[in-house]
J.: 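Can you keep this structure in mind? I'll have questions shortly.
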Amino acid sequence: MSGEQEQAGGAGSRVDNRLTGGTVHGHVVQAGRADITLRMSDPAAPAPVAVTVAPPLGLRDPDRPLRGREETLERLEAELTADPGAEGRLLALCGMGGCGKTAIALEVAARRSAAGCRVWWVEARNGPALEAALRAVAHQAGATQEELERGDTADLLWSRLARLDTPWLLVVDNADDPALLDGPGTLSAGTGWIRPATGPGAVLVTTRDSTRATWGQVARLHLLRPLTGGRLEAAARILRDHAPASAGTPDQAHALAARLGGLPLALRLAGTYLDQANRTPPPFRAPATPTTYTGYLRAWEDGLDRLEPGHALARTWAMSVALLEQRGHGHARALLELLAAFADADLPYTHLLTPDRLTGAGPLAALDGPAIWQHLTALAGLGLVELLEPVPGTPAVLRMHPLVRDASRTPGTVPVANGIVTAAALADGLKDGMDSEVTAALRSLAPHILDAFEQADLAGLDEPALLELTLAVNVAGRQLLTDGLHARARAVLGAVRAVECEYVEPAHPYTFITRHNLALVLRDQGELAQAREELEAVLAVETERLGADHPDTQITRRSLDGVLRLLEGH
């Protein structure tokens with residue numbers, strides 16, 4: 001990764017706060033297309049969660065080093081190796097999106113790893129992924145599975161980290177919604193998921209939020225700005241790192257870098273554009289395709305009046321899309337706009353962007369599998385998205401920078417994306433059981449399901465669509481519970497119940513799926529009396545409507561028997 005690269009970050013929802021996080025376990029109902037396992041069964045123990053907290057060092061590109069960030073790196077290195085004192089060590093690297101925070105954190109991680117320091121890397125773009133990753137860190141720091149199931153995971157994590165006697169670094173990337181770091185406590189008070197590290201440890205967070213009230217008095221804030229003023233030469237070098245020598249002189253690169261405001265992400269996109277444009281043989285270029293710094297600057301200023309004045313990234317993005325369209329990727333803009341409509345989380349594109357999923361996606365419905373792949377790789381080739389190499393046991397995912405997402409997002413694509421997510425959740429896999437492949441797919445789909453639920457205009461959905469959406473959210477709830485995220489599972493299922501109470505007939509069979517699942521979350525949280533009351537109510541209706549021998553009734557009976565046994569043991 002070069003100096004201007006930065007991973008996607010920032011959570012955000014434009015709608016009400018129906019959800020605070022999201023997960024669910026097994027039973028069969030008819031969902032129109034297939035039998036979908038949605039009701040929680042009663043497993044003896046949750047399945048192990050497959051996550052990685054290793055730093056993504058493979059994203060560093062030695063041929064494109066960091067530019068203009070030497071002073072920042074020196075300061076961070078000094079603070080990370082200094083005596084933390086009694087207050088501990090928590091560093092927050094703050095700045096606008098696209099200015100290279102993740103690239104700096106990755107360079108720090110590489111240097112600390114080379115020095116023998118143990119490094120963990122945690123993504124903080126959504127609550128479930130953050131919590132699952134921090135549980136993995138706690139486990140690697142010595143916590144047992146039994147300890148992790150007690151419900152005090154945040155305290156356990158920091159207790160275990162405090163016992164380590166060798167240097168370690170915890171990087172928390174893309175913490176653009178610091179509320180996710182509160183966990184059971186408060187970030188600013190030092191009782192949240194993220195706290196100042198004592199002893200030989202340190203914590204480095206990347207975030208757009210630089211307010212002291214958010215991070216508390218102990219955190220050391222490092223503000224990162226675009227490469228302007230005396231650092232414009234470094235900005236020009238970023239352009240030259242990505243563009244071919246034929247693009248022009250250093251002075252011309254300097255002029256373009258100044259016009260782009262020294263924003264590293266915009267510089268990378270512009271340089272990559274020029275590289276790709278120059279690789280196209282002249283007979284196959286559109287007449288107006290710029291291939292030099294000067295030509296790019298002229299086109300950037302003169303040809304994009306419809307875009308917000310001064311918005312460097314939006315203009316740069318539009319030029320890159322135009323180049324793809326000139327190259328014959330006529331659906332690049334539509335695909336990018338659809339990608340921007342999904343949640344700000346890694347996107348399992350092999351589950352969501354298949355031809356059968358895109359049948360209702362307007363012009364994209366005309367694309368077959370090879371054409372979809374060609375468009376995806378073309379977008380990645382110009383740096384508009386990243387296609388990440390799949391980690392063993394997890395699906396292939398796509399990542400989009402939040403600024404590219406903001407520039408690409410259009411209201412009309414949101415319902416289309418929500419429909420695709422719902423269809424994937426109900427078709428991809430719960431009917432075949434909870435094997436590791438299905439679990440990995442559900443884990444990757446969960447944040448997108450929850451985002452679809454938050455963004456949906458529930459009042460505007462007809463009953464079949466609303467019921468499918470609530471079933472899909474039960475799928476996400478299932479995965480949260482499987483991952484041991486009981487509080488988030490409860491919040492999600494509680495939100496579904498509130499929607500069902502408002503929009504669905506009280507005795508509809510699907511409502512009992514949610515009630516059953518919610519009862520089992522209550523059970524796992526130790527609220528046995530409430531769990532028994534809910535299961536008894538579900539059992540009474542199912543016995544009356546379905547009969548005592550119906551599979552649904554029997555599953556509810558087994559769950560209730562388990563809760564009664566637990567109550568007897570108290």
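Computed from a predicted structure; not experimentally measured. Basis for what follows: all heavy atoms, side chains included, without hydrogens, waters or symmetry-related copies. One-based numbering along the sequence shown.
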J.: Closer than 4.0 angstrom, basic N to acidic O: yes or no for Arg409 and Glu337?
T.: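 No.
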J.: Work out which heavy atom in Ala519 is nearest to a heavy atom in Leu535; give both atom names and the distance.
T.: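 The pair with the smallest heavy-atom distance is CB-CG, 3.6 Å.
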J.: CD of Glu536: more than 12 outside heavy atoms within 6.0 angstrom?
T.: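 Above 12, so yes.
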J.: Is any side-chain heavy atom of Asn126 closer than 4.5 Å to one of Asp177?
T.: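 When only atoms from C-beta onward are counted, Asn126 and Asp177 do not touch, as no gap falls below 4.5 Å.
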J.: So which atom in Leu522 and which in Ala531 form the shortest heavy-atom distance, rounded to 0.1 Å?
T.: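 Answer, listing the atom of Leu522 first, then Ala531: CB-CB, 4.1 Å.
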J.: Taking Asp182 for the side chain and Leu187 for the main chain, is one N or O donor matched with an acceptor at less than 3.5 Å?
T.: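 Such a contact is found between Asp182 side chain and Leu187 backbone.
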J.: Under a 4.0 Å N-O cut-off, is there an ion pair linking Arg557 with Asp561?
T.: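 Result for this pair is yes, salt bridge flagged.
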J.: Strictly below 4.0 Å, N to O, side chains only: are Glu147 and Arg160 in salt-bridge contact?
T.: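 A salt bridge links Glu147 with Arg160.
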J.: Can you tell me how far apart CG (Leu364) and CG (Leu353) are? Round to the nearest 0.5 Å.
T.: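 Leu364 CG to Leu353 CG: 9.0 Å, rounded to 0.5 Å.
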J.: Salt bridge between Arg490 and Glu527, side-chain N to carboxylate O under 4.0 Å?
T.: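 Yes, this pair counts.
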J.: Using only atom types and a distance under 3.5 Å, with no angle test, would you say the side chain of Asp152 pairs donor to acceptor with the backbone of Asp155?
T.: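 Between the backbone of Asp155 and the side chain of Asp152 there is no qualifying donor-acceptor contact (under 3.5 Å).
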J.: Could you tell me whether a side-chain N or O of His401 sits under 3.5 Å from a main-chain N or O of Gly98, the two making a donor and an acceptor?
T.: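 It does hold such a pair.
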J.: Please check if the side chain of Arg195 supplies one atom and the backbone of Thr191 the other of a donor-acceptor pair under 3.5 Å.
T.: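 Yes; judged by distance alone, with no hydrogens or angles, the pair exists.
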J.: Side chains of His486 and Arg523: does their closest heavy-atom pair fall under 4.5 Å?
T.: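 The answer is no; the side chains never approach within 4.5 Å.
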J.: So how far is it from Thr543 OG1 to His550 NE2, rounded to the nearest 0.5 Å?
T.: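 Taking OG1 in Thr543 and NE2 in His550, the distance rounds to 11.5 Å.
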J.: Please check if the side chain of His448 supplies one atom and the backbone of Ala343 the other of a donor-acceptor pair under 3.5 Å.
T.: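 Between the backbone of Ala343 and the side chain of His448 there is a qualifying donor-acceptor contact (under 3.5 Å).
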J.: Answer yes or no: is there a side-chain heavy-atom contact under 4.5 Å between Phe453 and Asp451?
T.: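 No, every pair of side-chain atoms sits at 4.5 Å or beyond.
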J.: When rounded to the nearest 0.5 angstrom, what is the spacing between OG1 in Thr206 and CZ in Arg208?
T.: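 Answer rounded to 0.5 Å: 10.0 Å.
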J.: I'd like to know if the side chain of Thr553 reaches the main chain of Gly547, judged simply by a donor and an acceptor atom lying under 3.5 Å from each other, with no hydrogens or angles considered.
T.: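 Such a contact is found between Thr553 side chain and Gly547 backbone.
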J.: Assign the ring pair Trp158 / Trp168 to parallel, tilted or perpendicular, where the plane angle (0 to 90°) is split at 30° and 60°.
T.: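 The arrangement is tilted - the two ring planes meet at 30° to 60°.
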J.: Which value, rounded to the nearest 0.5 Å, describes the distance between Leu338 atom CG and Ile420 atom CD1?
T.: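 It is 4.5 Å, given to the nearest 0.5 Å.
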J.: Do the side chain of Ser320 and the main chain of Leu382 share a donor and acceptor less than 3.5 angstrom apart?
T.: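 Not at all, since once roles are kept as given, no pair shorter than 3.5 Å links the two residues.
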J.: Would you say Thr511's side chain and Pro506's backbone share a donor-acceptor pair under 3.5 angstrom?
T.: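 Answer holds: yes.
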J.: Show, in sequence, the C-alpha distance, side-chain angles and deciding distance for Leu379 and Leu324, and conclude whether the side chain to side chain contact (heavy atoms under 4.5 Å, CB included) test is met.
T.: CA-CA 8 Å; Leu379 290 171; Leu324 292 178; 3.5 Å; yes
J.: Once you round to the nearest 0.5 Å, how far does CD of Gln140 lie from CG of Leu161?
T.: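 So the gap between those two atoms works out to 10.5 Å.
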J.: Applying side chain to side chain contact (heavy atoms under 4.5 Å, CB included) to Glu123 and Arg399, what does each step give before you reach the verdict?
T.: CA-CA 12 Å; Glu123 289 282 348; Arg399 184 173 294 168; 3.9 Å; yes
J.: Is there a side-chain contact between Gln554 and Asp549 (heavy atoms, below 4.5 Å)?
T.: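 Answer yes - side chains close enough.
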J.: Should the heavy atoms of other residues, nucleotides or ligands under 6.0 Å from NE2 of His329 be counted, would the total exceed 12?
T.: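 Correct, the count exceeds 12.
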J.: So Val499 and Val504, do their side chains get closer than 4.5 Å, heavy atoms only?
T.: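 The answer is no; the side chains never approach within 4.5 Å.
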J.: Given 3.5 Å as the limit, does a donor-acceptor pair link the side chain of Thr422 with the main chain of Asn418, or not?
T.: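 The answer is yes, because a donor-acceptor pair under 3.5 Å joins these two groups.
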J.: Could you give me the CA-CA distance, side-chain angles and deciding distance for Ser559 and His516, then say whether side-chain hydrogen bond (donor to acceptor under 3.5 Å, both in side chains) is met?
T.: CA-CA 9 Å; Ser559 295; His516 185 133; 3.0 Å; yes
J.: Compare all side-chain heavy atoms of Trp373 with those of Leu387 and state whether any distance is below 4.5 angstrom.
T.: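 Side-chain contact under 4.5 Å: yes.
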J.: May I ask you to decide whether Arg125 forms a salt bridge with Asp176, counting only side-chain N to carboxylate O separations under 4.0 Å?
T.: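 Between Asp176 and Arg125 there is no salt bridge, as every charged N stays at least 4.0 Å from the carboxylate O atoms.
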J.: Where the side chain of Thr153 meets the backbone of Arg135, is there a donor-acceptor pair that is under 3.5 Å apart?
T.: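 No, Thr153 side chain to Arg135 backbone: no donor-acceptor pair under 3.5 Å.
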J.: Is there a side-chain contact between Trp121 and Val172, using heavy atoms and a 4.5 Å cut-off?
T.: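 Side-chain contact under 4.5 Å: no.
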J.: Tell me, yes or no, whether the heavy-atom count around Glu146 atom CD, taken from other residues, nucleotides or ligands under 6.0 Å, exceeds 12.
T.: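 Atom CD in Glu146 is not crowded, with 12 or fewer foreign heavy atoms closer than 6.0 Å.
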J.: Does the side chain of Trp120 come within less than 4.5 Å of Arg118's, by heavy atoms?
T.: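 Yes. Closest side-chain heavy atoms under 4.5 Å.
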J.: To the nearest 0.5 Å, what is the distance between CG (Leu339) and CG (Leu384)?
T.: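 Answer for the CG-CG pair, Leu339 versus Leu384, is 10.0 Å.
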